[in-house]
*Asks:* 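Here it is: the structure, laid out below.
Values in this document were obtained by computation on a predicted structure and should not be read as measured data. By convention in this document, chain letters (A, B, ...) are assigned in the order of the sequence lines, proteins followed by strands, and residues within each chain are numbered from 1.
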Amino acid sequence: MAERTFGQIPGYPEGTTFDSRAELSEAGVHRPLMAGISGNARDGADSIVLSGGYEDDKDLGDEIVYTGHGGRDPRTGVQVSDQALRGGNLALAKSSLEGLPVRVIRGSRHASPYSPESGYRYDGLYTVDDYWHDVGRSGFLIWRFRLLKVPTVPSAAERVGEGRADYSAAPRRETTVLRVVRDTRQAREIKALYDYRCQVCGTRLEGPAGPYAEAAHIRPLGAPHDGPDTPDNTLCLCPNHHALFDHGGLVIEEDLTMTGAEGRLTVHPRHRISNEHLRYRREHYRAPEEEPRPAARTTT
DNA sequence: GGGCCCGCAGGG
DNA sequence: CCCTGCGGGCCC
């Protein structure tokens, strides 16, 4: 078994097309012949294929919301039970935690303006920006992974000796920056209100240029969550608790007690926090009930 | 080795 | 078009 390779495969630049899954596998661009996700729980996911069939997928080009696997009838492809954070799904979550690049391949059967006319096409590297669970069209629990394109910069080797005509001939999509700028005026005001102390642990980080804290959104900004950039959707957190919150390891209950941290969330009298947004976060990011958390890996 | 999976070809 | 049988590679 060849070792798993993350990032671009030498000899197969972005835009390379393949006739079949067998060719993709042979090239090492996406090794499994049928599965959509290549990877494991330990190392993360190195590639995925969008080939249609998953009704909850969203493809906006530079942003993809990819559906995890599992819970489908193998014959019909119909979702008949809940998905779990296992196998390839866990691999993609691992890639998110580690910030690993995922090769994305689109197939012609995937209904999207970004799909190739025929066969499969390697479309570059993406990062797994976020993952959460949702109720899919089928009514069953699905895991969802937001992938964002890593902007492609031509390497020095590619630039050297490259004629202008060649450059203009290369098909390049315009890259849309989808990230919302997070530190708005209201975010700064919330941080000032708490004097840069974490609402979870009270930590105040002080550097020579001043204090540092992060504004965390409770209901995430951007589709499909569409949380607002408003004070009632913003928390002032230290980097550790921000990361823990984003990855579902810190849950704020309705009474402001916390799962994953001691005590109760500190809330300033002049800071109203939306219960609705807190509920949204719990519903989509907390580990599902029947989902046993994977055993933590210890480094020895 | 078992079970899973965003194939694929072939036939109706 | 839809359905069926037969799959290879890989994770666990």
Side-chain angles (χ1 to χ4, degrees), chain A residues 1-6 9 12 16-61 63-98 100 102-126 128 131 133-134 136-138 140-147 149 291-298:
Chain A
M1 180 175 73
E3 198 175 321
R4 186 180 313 287
T5 305
F6 288 87
I9 305 298
Y12 300 97
T16 303
T17 55
F18 302 83
D19 286 339
S20 66
R21 288 289 297 260
E23 274 190 17
L24 269 170
S25 183
E26 185 77 15
V29 173
H30 185 80
R31 293 187 304 175
L33 284 172
M34 299 178 74
I37 305 167
S38 170
N40 61 36
R42 193 194 62 183
D43 302 325
D46 57 319
S47 58
I48 61 165
V49 173
L50 288 101
S51 194
Y54 277 68
E55 58 200 11
D56 297 298
D57 283 356
K58 298 264 182 293
D59 187 3
L60 304 173
E63 178 183 5
I64 295 165
V65 180
Y66 190 77
T67 310
H69 64 199
R72 306 210 314 168
D73 182 293
R75 259 193 262 269
T76 62
V78 176
Q79 199 74 32
V80 293
S81 62
D82 289 346
Q83 295 184 348
L85 195 55
R86 277 197 255 101
N89 302 348
L90 193 51
L92 279 169
K94 178 73 176 174
S95 287
S96 181
L97 290 165
E98 302 288 337
L100 297 169
V102 179
R103 290 183 299 277
V104 167
I105 297 98
R106 288 187 176 86
S108 60
R109 283 166 26 189
H110 170 58
S112 157
Y114 305 100
S115 300
E117 298 260 324
S118 65
Y120 298 87
R121 187 185 60 223
Y122 167 57
D123 278 345
L125 301 174
Y126 288 66
V128 185
Y131 60 96
H133 52 84
D134 213 335
R137 289 193 196 179
S138 63
F140 292 100
L141 183 149
I142 57 165
W143 281 91
R144 310 187 80 182
F145 301 88
R146 183 203 312 285
L147 294 110
K149 184 126 202 287
E291 186 68 57
R293 290 171 62 88
R297 293 180 55 78
T298 53

*Asks:* Among residues at least two apart in sequence or on other chains, which ones pass side chain to side chain contact (heavy atoms under 4.5 Å, CB included) with A:D43?
*Replies:* A:R4, A:F6, A:N40
*Asks:* Return the value, rounded to whole Å, for the distance between atom CZ of A:R86 and atom C1' of C:dC11.
*Replies:* 12 Å
*Asks:* What residue pairs, at least two apart or across chains, pass salt bridge (charged side-chain N to carboxylate O under 4.0 Å, His left out) with a residue in residues 51-61 of chain A?
*Replies:* A:D59-A:R106
*Asks:* Checking the side chain of A:S95 only, and the main-chain atoms of A:A45 only, is there a donor and an acceptor separated by less than 3.5 Å?
*Replies:* yes
*Asks:* Does the A:R144 side chain pair with the main chain of A:G136, one donor and one acceptor, at a distance under 3.5 Å?
*Replies:* no
*Asks:* For the pair made of NZ in A:K94 and P in C:dC11, what is the distance, rounded to whole Å?
*Replies:* 15 Å
*Asks:* Give a yes or no on whether the backbone of A:V128 and the side-chain of A:S96 come within a donor-acceptor separation of less than 3.5 Å.
*Replies:* yes
*Asks:* Give the ring-plane orientation class for A:H133 versus A:W143, where under 30° counts as parallel, over 60° as perpendicular and anything between as tilted.
*Replies:* perpendicular
*Asks:* Please give, in whole Å, the distance from C:dC11 C1' to A:L90 CG?
*Replies:* 12 Å
*Asks:* Taking atom P of C:dG8 as reference, at what distance in whole Å does atom CD of A:E23 sit?
*Replies:* 18 Å
*Asks:* By nearest heavy atom, map A:S25 and A:G88 onto DNA chain C; which one lands nearer the 5' end?
*Replies:* A:S25
*Asks:* Expected output check: what is the dot-bracket annotation of DNA chain B, where ( ) and [ ] are pairs inside the strand (brackets for crossing ones), | is paired with another strand, and pairs are Watson-Crick or G-U under 3.5 Å?
*Replies:* |||||.||||||
*Asks:* Could you note down all residue pairs passing side chain to side chain donor-acceptor pair (under 3.5 Å) where residues 16-26 of chain A supplies at least one of them, sequence neighbours left out?
*Replies:* A:R21-A:H30
*Asks:* Round to the nearest Å and state the distance from A:D43 atom CG to C:dC11 atom P.
*Replies:* 9 Å
*Asks:* Taking the basic N atoms (NZ, or NE/NH1/NH2) and the acidic carboxylate oxygens, is any pair closer than 4.0 Å for A:R75 and A:D73?
*Replies:* no
*Asks:* For A:S38 and for A:R75, locate the closest nucleotide of DNA chain C by heavy-atom distance; then report the residue assigned to the nucleotide nearer the 5' terminus.
*Replies:* A:R75
*Asks:* Can you name the side chain to side chain contact (heavy atoms under 4.5 Å, CB included) partners of A:A111, sequence neighbours left out?
*Replies:* none
*Asks:* Could you state the atom-to-atom distance from CG of A:N40 to P of C:dG9 in whole Å?
*Replies:* 18 Å
*Asks:* Within the 4.0 Å heavy-atom criterion, would you say A:G39 contacts the bases, only the backbone, or no part of the nucleic acid?
*Replies:* sugar-phosphate
*Asks:* Please write out the pairs of protein N or O atoms and N or O atoms of nucleotides 2-6 of chain B separated by less than 3.5 Å, giving the distance to one decimal.
*Replies:*
residue : atom : partner : partner atom : Å
B:dC5   : OP1  : A:G70   : N            : 3.4
B:dC6   : OP1  : A:G36   : N            : 3.3
B:dC6   : OP2  : A:Y54   : OH           : 2.5
B:dC6   : O5'  : A:G36   : N            : 3.4
B:dC6   : O2   : A:S51   : N            : 2.5
B:dC6   : O2   : A:G52   : N            : 2.9
B:dC6   : O2   : A:G52   : O            : 2.8
B:dC6   : N3   : A:D57   : OD2          : 3.1
B:dC6   : N4   : A:D57   : OD1          : 3.2
B:dC6   : N4   : A:D57   : OD2          : 3.2
B:dC6   : N4   : A:T67   : O            : 3.1

